[in-house]
Amino acid sequence: MIGRTTLRVVGPLAPSVVIVVAAWWLALEAFGISPLVGKRPPQVWDYLTASEAHRDAVFGALAITVRDAAIGFTTGMVGAMVVAVMFVLFRTVEQTFMPVAMLLRSVPLVVMTPLITLVFGRELLGVAVIGGIVVFFPALVNIAFGLRSASPQATDLIMAYGGNRLTVLRKVAVPTAMPAVFASARISVPASIIGALIAEWLATGEGIGAEILRAIGGFRYDEVWADIVVVTAVSIVAYAVVGVVESLVLARFSDRPPG
(Lines give C-alpha, C1' and ligand atoms only; values in the text may rest on other atoms or scores of the structure.)
Protein backbone atom coordinates (compact mmCIF):
# COMPACT_ATOMS: atom_id res chain seq x y z
CA MET A 1 0.00 0.00 0.00
CA ILE A 2 2.80 2.42 0.88
CA GLY A 3 4.62 1.61 -2.35
CA ARG A 4 1.49 2.15 -4.43
CA THR A 5 0.74 5.42 -2.67
CA THR A 6 4.32 6.64 -3.12
CA LEU A 7 4.22 5.84 -6.83
CA ARG A 8 0.90 7.64 -7.23
CA VAL A 9 2.20 10.77 -5.50
CA VAL A 10 5.73 10.83 -6.87
CA GLY A 11 4.86 9.72 -10.42
CA PRO A 12 3.39 13.05 -11.56
CA LEU A 13 6.41 14.92 -10.16
CA ALA A 14 8.87 13.21 -12.53
CA PRO A 15 7.58 14.92 -15.72
CA SER A 16 7.49 18.23 -13.84
CA VAL A 17 11.15 17.88 -12.88
CA VAL A 18 12.08 17.08 -16.49
CA ILE A 19 10.17 20.14 -17.70
CA VAL A 20 11.83 22.42 -15.15
CA VAL A 21 15.34 21.17 -16.02
CA ALA A 22 14.63 21.57 -19.73
CA ALA A 23 13.24 25.08 -19.18
CA TRP A 24 16.32 26.01 -17.13
CA TRP A 25 18.66 24.82 -19.88
CA LEU A 26 16.66 26.33 -22.74
CA ALA A 27 16.27 29.70 -20.99
CA LEU A 28 20.01 30.05 -20.52
CA GLU A 29 20.60 29.18 -24.15
CA ALA A 30 17.79 31.39 -25.45
CA PHE A 31 19.02 34.47 -23.59
CA GLY A 32 22.64 33.78 -24.43
CA ILE A 33 23.81 33.58 -20.82
CA SER A 34 27.50 32.81 -20.66
CA PRO A 35 28.37 29.36 -19.27
CA LEU A 36 30.77 31.15 -16.93
CA VAL A 37 27.78 32.64 -15.09
CA GLY A 38 24.74 30.57 -16.05
CA LYS A 39 25.57 26.95 -15.37
CA ARG A 40 23.84 24.24 -17.37
CA PRO A 41 22.67 20.95 -15.80
CA PRO A 42 25.75 18.98 -17.01
CA GLN A 43 28.06 21.59 -15.45
CA VAL A 44 26.29 21.32 -12.11
CA TRP A 45 26.49 17.53 -12.26
CA ASP A 46 30.19 17.68 -13.10
CA TYR A 47 30.80 20.02 -10.17
CA LEU A 48 29.08 17.71 -7.69
CA THR A 49 30.75 14.55 -8.98
CA ALA A 50 34.23 15.90 -9.67
CA SER A 51 35.41 16.34 -6.10
CA GLU A 52 34.51 15.12 -2.64
CA ALA A 53 35.39 18.57 -1.33
CA HIS A 54 32.69 20.06 -3.54
CA ARG A 55 30.09 17.63 -2.21
CA ASP A 56 31.17 18.23 1.37
CA ALA A 57 30.79 21.98 0.92
CA VAL A 58 27.35 21.75 -0.67
CA PHE A 59 25.82 18.97 1.38
CA GLY A 60 27.35 20.16 4.64
CA ALA A 61 25.62 23.50 4.16
CA LEU A 62 22.46 21.71 3.02
CA ALA A 63 22.30 19.74 6.27
CA ILE A 64 22.22 23.00 8.24
CA THR A 65 19.49 24.43 5.99
CA VAL A 66 17.38 21.27 6.32
CA ARG A 67 17.72 21.49 10.11
CA ASP A 68 16.72 25.16 10.10
CA ALA A 69 13.78 24.49 7.78
CA ALA A 70 12.58 21.59 9.95
CA ILE A 71 12.68 23.83 13.02
CA GLY A 72 10.71 26.55 11.27
CA PHE A 73 8.22 24.09 9.79
CA THR A 74 7.55 22.41 13.14
CA THR A 75 7.30 25.69 15.03
CA GLY A 76 4.96 27.27 12.50
CA MET A 77 2.67 24.26 12.05
CA VAL A 78 2.34 23.49 15.76
CA GLY A 79 1.73 27.15 16.54
CA ALA A 80 -0.88 27.41 13.78
CA MET A 81 -2.74 24.31 14.97
CA VAL A 82 -2.80 25.46 18.58
CA VAL A 83 -4.02 28.96 17.70
CA ALA A 84 -6.59 27.61 15.21
CA VAL A 85 -8.05 25.39 17.94
CA MET A 86 -8.22 28.40 20.27
CA PHE A 87 -10.00 30.37 17.54
CA VAL A 88 -12.63 27.67 17.15
CA LEU A 89 -13.19 27.18 20.87
CA PHE A 90 -13.12 30.84 21.87
CA ARG A 91 -14.42 33.44 19.42
CA THR A 92 -13.12 36.30 21.58
CA VAL A 93 -9.58 35.01 21.11
CA GLU A 94 -9.95 35.21 17.34
CA GLN A 95 -11.50 38.69 17.49
CA THR A 96 -8.60 39.88 19.63
CA PHE A 97 -5.71 38.08 17.98
CA MET A 98 -6.59 38.03 14.27
CA PRO A 99 -6.18 41.80 13.65
CA VAL A 100 -2.77 41.66 15.34
CA ALA A 101 -1.81 38.61 13.26
CA MET A 102 -2.85 40.32 10.02
CA LEU A 103 -0.90 43.43 10.98
CA LEU A 104 2.23 41.40 11.63
CA ARG A 105 1.69 39.45 8.40
CA SER A 106 1.64 42.67 6.40
CA VAL A 107 5.18 43.58 7.52
CA PRO A 108 7.83 42.06 5.18
CA LEU A 109 9.89 39.40 6.92
CA VAL A 110 13.11 40.92 5.59
CA VAL A 111 12.24 44.08 7.52
CA MET A 112 11.38 42.15 10.69
CA THR A 113 14.43 39.88 10.65
CA PRO A 114 16.92 42.37 12.17
CA LEU A 115 14.50 43.03 15.03
CA ILE A 116 13.84 39.31 15.52
CA THR A 117 17.59 38.70 15.58
CA LEU A 118 18.06 41.45 18.13
CA VAL A 119 15.39 40.02 20.43
CA PHE A 120 15.88 36.26 19.99
CA GLY A 121 19.51 36.07 18.90
CA ARG A 122 21.20 34.38 15.97
CA GLU A 123 20.98 30.82 17.26
CA LEU A 124 18.25 28.22 16.85
CA LEU A 125 15.64 30.26 18.74
CA GLY A 126 15.94 33.07 16.23
CA VAL A 127 15.79 30.58 13.35
CA ALA A 128 12.64 29.03 14.86
CA VAL A 129 10.93 32.42 15.07
CA ILE A 130 11.89 33.51 11.54
CA GLY A 131 10.98 30.17 9.93
CA GLY A 132 7.87 29.83 12.07
CA ILE A 133 6.52 33.20 10.92
CA VAL A 134 6.75 32.18 7.26
CA VAL A 135 4.78 28.99 7.95
CA PHE A 136 2.40 30.18 10.66
CA PHE A 137 0.04 32.64 8.98
CA PRO A 138 -0.99 30.68 5.84
CA ALA A 139 -1.33 27.50 7.91
CA LEU A 140 -3.45 29.28 10.53
CA VAL A 141 -6.02 30.46 7.99
CA ASN A 142 -6.29 27.04 6.31
CA ILE A 143 -6.52 25.02 9.52
CA ALA A 144 -9.05 27.35 11.16
CA PHE A 145 -11.21 27.10 8.05
CA GLY A 146 -10.90 23.32 8.08
CA LEU A 147 -11.92 23.06 11.73
CA ARG A 148 -15.00 25.17 11.06
CA SER A 149 -16.01 22.94 8.15
CA ALA A 150 -17.33 20.23 10.49
CA SER A 151 -20.77 18.88 9.64
CA PRO A 152 -23.50 20.76 11.56
CA GLN A 153 -25.55 17.55 11.74
CA ALA A 154 -22.71 15.61 13.35
CA THR A 155 -22.06 18.49 15.72
CA ASP A 156 -25.72 18.65 16.76
CA LEU A 157 -25.81 14.89 17.28
CA ILE A 158 -22.83 14.95 19.65
CA MET A 159 -24.25 17.89 21.57
CA ALA A 160 -27.64 16.15 21.83
CA TYR A 161 -25.94 13.16 23.46
CA GLY A 162 -24.30 15.34 26.10
CA GLY A 163 -21.03 16.11 24.37
CA ASN A 164 -19.25 19.44 24.71
CA ARG A 165 -17.19 21.60 22.37
CA LEU A 166 -14.05 19.59 23.11
CA THR A 167 -15.84 16.38 22.16
CA VAL A 168 -17.04 17.97 18.92
CA LEU A 169 -13.52 19.16 18.23
CA ARG A 170 -12.00 15.72 18.82
CA LYS A 171 -14.66 13.57 17.13
CA VAL A 172 -15.75 15.77 14.23
CA ALA A 173 -13.73 18.94 13.67
CA VAL A 174 -10.22 17.45 13.76
CA PRO A 175 -10.94 14.59 11.30
CA THR A 176 -12.76 17.04 9.03
CA ALA A 177 -9.78 19.41 9.14
CA MET A 178 -7.21 16.80 8.13
CA PRO A 179 -7.22 17.77 4.41
CA ALA A 180 -6.71 21.42 5.40
CA VAL A 181 -3.88 20.48 7.76
CA PHE A 182 -2.05 18.58 5.04
CA ALA A 183 -2.73 21.28 2.46
CA SER A 184 -1.08 23.68 4.89
CA ALA A 185 1.81 21.26 5.36
CA ARG A 186 2.38 21.04 1.60
CA ILE A 187 2.42 24.82 1.30
CA SER A 188 4.65 25.12 4.34
CA VAL A 189 7.41 22.77 3.14
CA PRO A 190 8.85 25.17 0.52
CA ALA A 191 7.92 28.13 2.72
CA SER A 192 9.98 26.73 5.59
CA ILE A 193 13.00 26.40 3.31
CA ILE A 194 12.56 30.01 2.22
CA GLY A 195 12.37 31.02 5.87
CA ALA A 196 15.56 29.07 6.60
CA LEU A 197 17.38 30.77 3.73
CA ILE A 198 16.26 34.20 4.94
CA ALA A 199 17.45 33.40 8.44
CA GLU A 200 20.81 32.24 7.07
CA TRP A 201 21.20 35.27 4.81
CA LEU A 202 20.35 37.85 7.45
CA ALA A 203 20.97 36.23 10.83
CA THR A 204 23.00 33.07 11.31
CA GLY A 205 25.56 33.23 8.48
CA GLU A 206 25.36 29.43 8.09
CA GLY A 207 23.78 26.96 5.70
CA ILE A 208 22.96 27.19 2.01
CA GLY A 209 21.76 30.77 2.32
CA ALA A 210 25.07 32.05 3.60
CA GLU A 211 27.08 29.79 1.28
CA ILE A 212 25.32 31.23 -1.78
CA LEU A 213 26.27 34.75 -0.76
CA ARG A 214 29.88 33.77 -0.12
CA ALA A 215 30.09 31.84 -3.39
CA ILE A 216 28.72 34.81 -5.36
CA GLY A 217 31.25 37.08 -3.69
CA GLY A 218 34.02 34.68 -4.67
CA PHE A 219 32.74 34.24 -8.25
CA ARG A 220 32.22 30.50 -7.58
CA TYR A 221 29.18 30.21 -9.81
CA ASP A 222 29.41 26.41 -10.05
CA GLU A 223 28.86 26.25 -6.32
CA VAL A 224 26.02 28.78 -6.47
CA TRP A 225 24.10 26.72 -8.99
CA ALA A 226 24.83 23.48 -7.18
CA ASP A 227 23.50 24.97 -3.94
CA ILE A 228 20.32 26.11 -5.68
CA VAL A 229 19.77 22.74 -7.35
CA VAL A 230 20.20 20.65 -4.21
CA VAL A 231 18.01 22.86 -2.03
CA THR A 232 15.32 22.78 -4.73
CA ALA A 233 15.59 18.99 -4.93
CA VAL A 234 15.18 18.71 -1.16
CA SER A 235 12.08 20.90 -1.34
CA ILE A 236 10.57 18.64 -4.00
CA VAL A 237 11.38 15.48 -2.04
CA ALA A 238 9.92 16.92 1.18
CA TYR A 239 6.77 17.95 -0.68
CA ALA A 240 6.42 14.41 -2.03
CA VAL A 241 6.91 12.90 1.43
CA VAL A 242 4.14 15.10 2.83
CA GLY A 243 1.92 13.98 -0.05
CA VAL A 244 2.54 10.30 0.72
CA VAL A 245 1.86 10.79 4.44
CA GLU A 246 -1.29 12.76 3.61
CA SER A 247 -2.64 9.99 1.40
CA LEU A 248 -2.01 7.34 4.06
CA VAL A 249 -3.47 9.38 6.93
CA LEU A 250 -6.57 10.46 5.01
CA ALA A 251 -7.14 6.85 3.96
CA ARG A 252 -6.99 5.92 7.65
CA PHE A 253 -9.61 8.52 8.56
CA SER A 254 -11.88 7.59 5.63
CA ASP A 255 -11.43 3.82 6.14
CA ARG A 256 -10.59 3.18 2.50
CA PRO A 257 -7.36 2.28 0.69
CA PRO A 258 -5.30 5.25 -0.56
CA GLY A 259 -5.31 6.02 -4.27
Side-chain angles (χ1 to χ4, degrees), residues 1-2 4-6 8-10 12-13 69-106 128-129 131-195 235-259:
M1 184 177 66
I2 294 176
R4 187 171 64 251
T5 302
T6 302
R8 183 177 63 83
V9 173
V10 175
L13 290 176
I71 292 172
F73 176 84
T74 303
T75 303
M77 284 296 295
V78 171
M81 287 187 284
V82 170
V83 174
V85 168
M86 297 297 291
F87 280 3
V88 172
L89 293 178
F90 308 103
R91 296 287 297 184
T92 54
V93 174
E94 180 177 10
Q95 294 169 356
T96 302
F97 180 80
M98 185 58 80
V100 178
M102 292 301 100
L103 177 63
L104 292 174
R105 183 68 182 90
S106 66
V129 173
I133 288 174
V134 176
V135 171
F136 175 81
F137 293 103
L140 173 61
V141 174
N142 281 339
I143 295 171
F145 177 80
L147 290 172
R148 290 202 177 95
S149 299
S151 166
Q153 293 80 8
T155 300
D156 292 342
L157 180 63
I158 290 177
M159 298 297 286
Y161 278 91
N164 54 30
R165 286 186 296 177
L166 287 176
T167 307
V168 172
L169 182 71
R170 182 168 57 88
K171 295 288 188 179
V172 180
V174 169
T176 301
M178 282 295 106
V181 171
F182 280 104
S184 300
R186 289 198 306 271
I187 295 170
S188 298
V189 163
S192 65
I193 293 177
I194 292 172
S235 180
I236 293 171
V237 170
Y239 183 92
V241 169
V242 172
V244 172
V245 174
E246 175 186 14
S247 184
L248 294 173
V249 171
L250 294 186
R252 170 67 179 84
F253 274 96
S254 63
D255 293 325
R256 59 182 176 82

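FYI, side chains are in, hydrogens and waters are out, and symmetry mates aren't considered; it's all heavy atoms of this structure. Keep in mind that what you see is a predicted model, and the values were worked out from it rather than measured.
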Quiz: residues 83-96 side-chain donor-acceptor pairs under 3.5 angstrom, not counting sequence neighbours:
{"residue": "Glu94", "atom": "OE1", "partner": "Arg148", "partner atom": "NH2", "Å": "2.3"}
{"residue": "Glu94", "atom": "OE2", "partner": "Arg148", "partner atom": "NH2", "Å": "3.4"}
{"residue": "Thr96", "atom": "OG1", "partner": "Thr92", "partner atom": "O", "Å": "2.9"}

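- Taking both residues in full, the closest heavy atoms of Leu169 and Pro175 are given as O-CD, 4.4 Å, listed atom of the first, atom of the second, then distance.
- In this structure, Met178 CE and Leu250 CG are separated by 8.0 Å, a value rounded to the nearest 0.5 Å.
- With contacts defined as side-chain heavy-atom distances shorter than 4.5 Å, the pair Thr176/Ser151 does not qualify.
- Counting all heavy atoms, side chain and backbone alike, Ala139 lies closest to Ser188 at CB-OG, 4.3 Å.
- Val134 and Gly195 get closest at one heavy-atom pair: CG2-CA, 3.8 Å.
- Remark: Asn164 CG to Met159 CE distance equals 7.0 Å, nearest 0.5 Å.
- The salt bridge (charged side-chain N to carboxylate O under 4.0 Å, His left out) test applied to Arg186 returns Glu246, not counting sequence neighbours.
- Contact annotation: the side chain of Phe137 approaches that of Ile133 to within less than 4.5 Å [non-hydrogen atoms, C-beta and beyond].
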Name every donor-acceptor pair, under 3.5 Å, that has one atom in a side chain of residues 69-79 and the other anywhere in the protein, sequence neighbours excluded.
{"residue": "Thr74", "atom": "OG1", "partner": "Ala70", "partner atom": "O", "Å": "2.9"}
{"residue": "Thr75", "atom": "OG1", "partner": "Ile71", "partner atom": "O", "Å": "2.8"}

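- Residues meeting the side-chain hydrogen bond (donor to acceptor under 3.5 Å, both in side chains) test with Ser149, sequence neighbours left out: none.
- When all heavy atoms of Ser235 and Val189 are compared, the closest pair comes out as O-CG1, 3.8 Å.
- Note on residues 169-183: no pairs pass salt bridge (charged side-chain N to carboxylate O under 4.0 Å, His left out), not counting sequence neighbours.
- Counting only residues at least two apart or in different chains, ring pair (Phe, Tyr, Trp, His ring centres under 6.0 Å) contacts with residues 158-188 are absent.
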Worked verdict on Val249 versus Val181 for side-chain contact (heavy atoms from CB on, under 4.5 Å): CA-CA 11 Å; Val249 171; Val181 171; over 6 Å; no
